[in-house]
2 protein chains.
Amino acid sequence: MAEPSGEQLLYLTDEQLRQGIEAMFFAYRGFTADPDRILQDQSYGRAHHRAVHFINCAPGTTVNNLLNILGVTKQSLNRVLRTLIADGLVESRVGRSDKRERHLYLTEEGKALEAQLSDAQRARMRSAYRKVGPEAVAGFRQVLEAMMDSDMRRNYQTLRETKS
Amino acid sequence: MAEPSGEQLLYLTDEQLRQGIEAMFFAYRGFTADPDRILQDQSYGRAHHRAVHFINCAPGTTVNNLLNILGVTKQSLNRVLRTLIADGLVESRVGRSDKRERHLYLTEEGKALEAQLSDAQRARMRSAYRKVGPEAVAGFRQVLEAMMDSDMRRNYQTLRETKS
DNA sequence: CTTGGAATGTCAACAAGGCTGACATAGTGT
DNA sequence: ACACTATGTCAGCCTTGTTGACATTCCAAG
């Protein structure tokens, strides 16, 4: 074998990549496990969690905007929103300037659920972050960002800007 | 505000954790996008991909073993296996010592599909890894490992040992 | 040896949450 | 007036998770 170079670098071998793939699979399971557990008793699922999360992040967002972020069809999102609105967790207000648009807000009850789910998920991530330290976290974030589709990266960065 | 300390460290703030959560969400979408695209034409989905992946990793594994790794019910896995076996991608052999067990192997056709899916997923990960360099990759892996459930970490490490 | 329980795997039926397609309604803008 | 946009809804399909019921096989205690 020649000196390591190009594709031969240790961290780019097929075996290393395979391990990364499996780590991603198992870690994502852990990542969603706590909110899933909380929601399983209620008639909600992961889809509701995602909707509530992003409405909380960007209060007043429109349905269309949420659609782009979540990457599902409007029929699919609508099913989820309908139940959330019916149960009084989300409020849908007709737009002032453009009355076709619906702006979405969490009610107090909605915020409470969001906080409950968010706390659980953050607790796990905080524990992981604390175990490995800031340099590892920086690397983690860099890899995740590089792994996104470019249009999703745009959404992600928009969300970062509006809140940080 | 006092000096940053304890929970006050920059990388442990709620806002940083929230960004990490969203990065994980978007990155996982990218992570599965390529195999999903390849499979959507066929009558297979992500569940088939996962089964094929782990059978490829551990040829001769039993159904029960696969169950533990994948974390789904045996009925759910069975449906996937049934179609894979019917289509000649997976072979199921009755155990010699214990005839209750079924040992699973990929056929040549199964290996071909696995390679196709795996290549696509590795390509994305390789590109991300190359962009950010080995130190970031090391941090990425550390965080993922810290984020797994402990029982899943055991599975993950077992898989690493048997193959590396 | 037999018999009961544990382990393993299969089949059936149901629910969540994706998807497409078609269509209604209402508001915007030319 | 007319085309286009944003949203909501209905119907129906697919994948993939769930539980319940059941068959087969193994093993160990009586």
Side-chain angles (χ1 to χ4, degrees), chain A residues 25 28-29 32-33 35-55 60-87 90-105, chain B residues 25 28-29 32-33 35-55 60-87 90-104 117:
Chain A
F25 169 67
Y28 196 77
R29 280 251 300 275
T32 56
D36 283 357
R37 233 188 318 276
I38 292 171
L39 289 170
Q40 72 181 2
D41 306 323
Q42 319 182 32
S43 56
Y44 296 142
R46 208 176 289 179
H48 300 81
H49 178 196
R50 290 195 287 257
V52 164
H53 175 101
F54 285 109
I55 293 173
T61 187
T62 63
V63 173
N64 226 348
N65 192 354
L66 204 50
L67 242 40
N68 290 328
I69 291 172
L70 294 175
V72 298
T73 59
K74 63 172 179 176
Q75 293 92 331
S76 200
L77 175 58
N78 194 258
R79 181 173 25 204
V80 167
L81 282 181
R82 195 164 28 194
T83 66
L84 288 173
I85 291 169
D87 295 349
V90 168
E91 192 190 346
S92 162
R93 299 186 203 151
V94 173
R96 284 163 310 168
S97 54
D98 188 337
K99 290 179 191 157
R100 290 171 303 181
E101 295 179 339
R102 300 299 138 91
H103 297 272
L104 303 169
Y105 300 87
Chain B
F25 170 67
Y28 196 77
R29 281 251 298 276
T32 57
D36 284 357
R37 232 188 318 275
I38 292 171
L39 288 170
Q40 73 181 359
D41 307 322
Q42 318 179 34
S43 55
Y44 296 143
R46 208 176 288 178
H48 299 80
H49 178 195
R50 290 196 286 256
V52 165
H53 175 101
F54 285 108
I55 293 173
T61 186
T62 63
V63 172
N64 218 1
N65 192 354
L66 206 49
L67 242 40
N68 290 328
I69 293 173
L70 295 174
V72 297
T73 57
K74 59 182 178 171
Q75 294 89 332
S76 192
L77 174 59
N78 191 258
R79 184 192 313 114
V80 167
L81 284 179
R82 192 163 35 193
T83 66
L84 289 172
I85 291 168
D87 296 348
V90 168
E91 193 190 346
S92 162
R93 299 184 203 153
V94 174
R96 285 163 308 168
S97 54
D98 187 337
K99 288 179 193 158
R100 290 172 301 182
E101 295 179 340
R102 300 299 135 92
H103 297 272
L104 303 169
L117 297 171

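In this text the structure is predicted, and so the values were computed from the model without any measurement.
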Taken to the nearest 0.5 Å, the spacing of B/Arg102 CZ from B/Leu66 CG works out to 14.5 Å

With a 4.5 Å limit on heavy-atom distance, are the side chains of A/His48 and A/Leu84 in contact?
-> yes

Return the value, rounded to whole Å, for the distance between atom CZ of B/Arg102 and atom P of D/dT24.
-> 11 Å

Quick one: is A/Arg82 getting a side-chain N or O under 4.0 Å of the D/dC10 phosphate, OP1 or OP2?
-> yes

Provide, to the nearest angstrom, the distance between the CG atom belonging to A/Leu39 and the P atom belonging to D/dT18.
-> 16 Å

Take atom CG of B/Leu81 and atom P of D/dG17, then tell me their distance rounded to the nearest Å.
-> 12 Å

Taken to the nearest whole Å, CG/B/Asp36 to C1'/C/dG18 is 11 Å

So, is A/Asn64 close to the D/dT7 phosphate, meaning a side-chain N or O under 4.0 Å from OP1 or OP2?
-> yes

Locate the shortest heavy-atom distance separating A/Leu39 from A/Gly45; write the atom from each residue and the value.
-> CD1-O, 3.3 Å

What is the distance from CD1 of A/Ile85 to C1' of D/dT7, rounded to the nearest Å?
-> 11 Å

Would you say the side chain of B/Tyr44 lies within less than 4.5 Å of the side chain of B/Val52, judging by non-hydrogen atoms?
-> no

In whole angstroms, the gap separating C1' of D/dT5 from CG of A/Leu67 amounts to 14 Å

Side-chain atoms of A/Lys74 come closest, of C/dA22, D/dT18, D/dT25, to C/dA22

Below 4.0 angstrom from OP1 or OP2 of C/dC19, is there any side-chain N or O of A/Thr73?
-> yes

Do the side-chain N or O atoms of B/Arg50 get closer than 4.0 angstrom to the phosphate oxygens (OP1, OP2) of D/dG17?
-> yes

Heavy-atom distance under 4.5 Å between the side chains of A/Gln75 and A/Arg79, does that happen here?
-> no

Look at the side-chain N and O atoms of B/His48 and state whether any lies under 4.0 Å from the OP1 or OP2 oxygen of D/dT16.
-> yes

Specify the separation, in whole Å, of atom OH of B/Tyr44 and atom C1' of D/dC14.
-> 15 Å

Looking only at side-chain atoms of B/Glu101, point me to the closest of D/dT7, C/dG9, D/dG17.
-> C/dG9

Side chain A/Arg29, main chain B/Leu70, donor-acceptor under 3.5 Å | yes

Ranking A/Ser43 and A/Arg96 by the position along DNA chain C of their nearest nucleotide, the one closer to 5' is A/Ser43

Do B/Arg79 and D/dG17 have a side chain to base donor-acceptor pair shorter than 3.5 Å?
-> yes

The side chain of A/Gln75 lies closest to which of these nucleotides: C/dC11, C/dT20, D/dT16?
-> C/dT20

Scan B/Gly95 against the nucleic acid and name what it touches under 4.0 Å (heavy atoms): base, sugar-phosphate only, or nothing.
-> nothing

From the list C/dG9, D/dC26, D/dG8, which nucleotide is the closest neighbour of the side chain of B/Thr62?
-> C/dG9

What nucleotide among D/dG17, C/dG9, D/dT7 has an atom nearest to a side-chain atom of B/Ala47?
-> D/dG17

Check every strand shown and say whether B/Thr83 touches a base, only sugar-phosphate, or nothing at a heavy-atom separation below 4.0 Å.
-> nothing

Figure out the CZ/P separation between A/Arg46 and D/dT15, and round it to whole Å.
-> 19 Å

Counting side-chain heavy atoms from CB outward, which of D/dT18, D/dC26, C/dG18 is closest to B/Arg100?
-> D/dC26

Residue-phosphate contact under 4.0 Å: A/Asn78 side-chain N/O, D/dG8 OP1/OP2 = yes

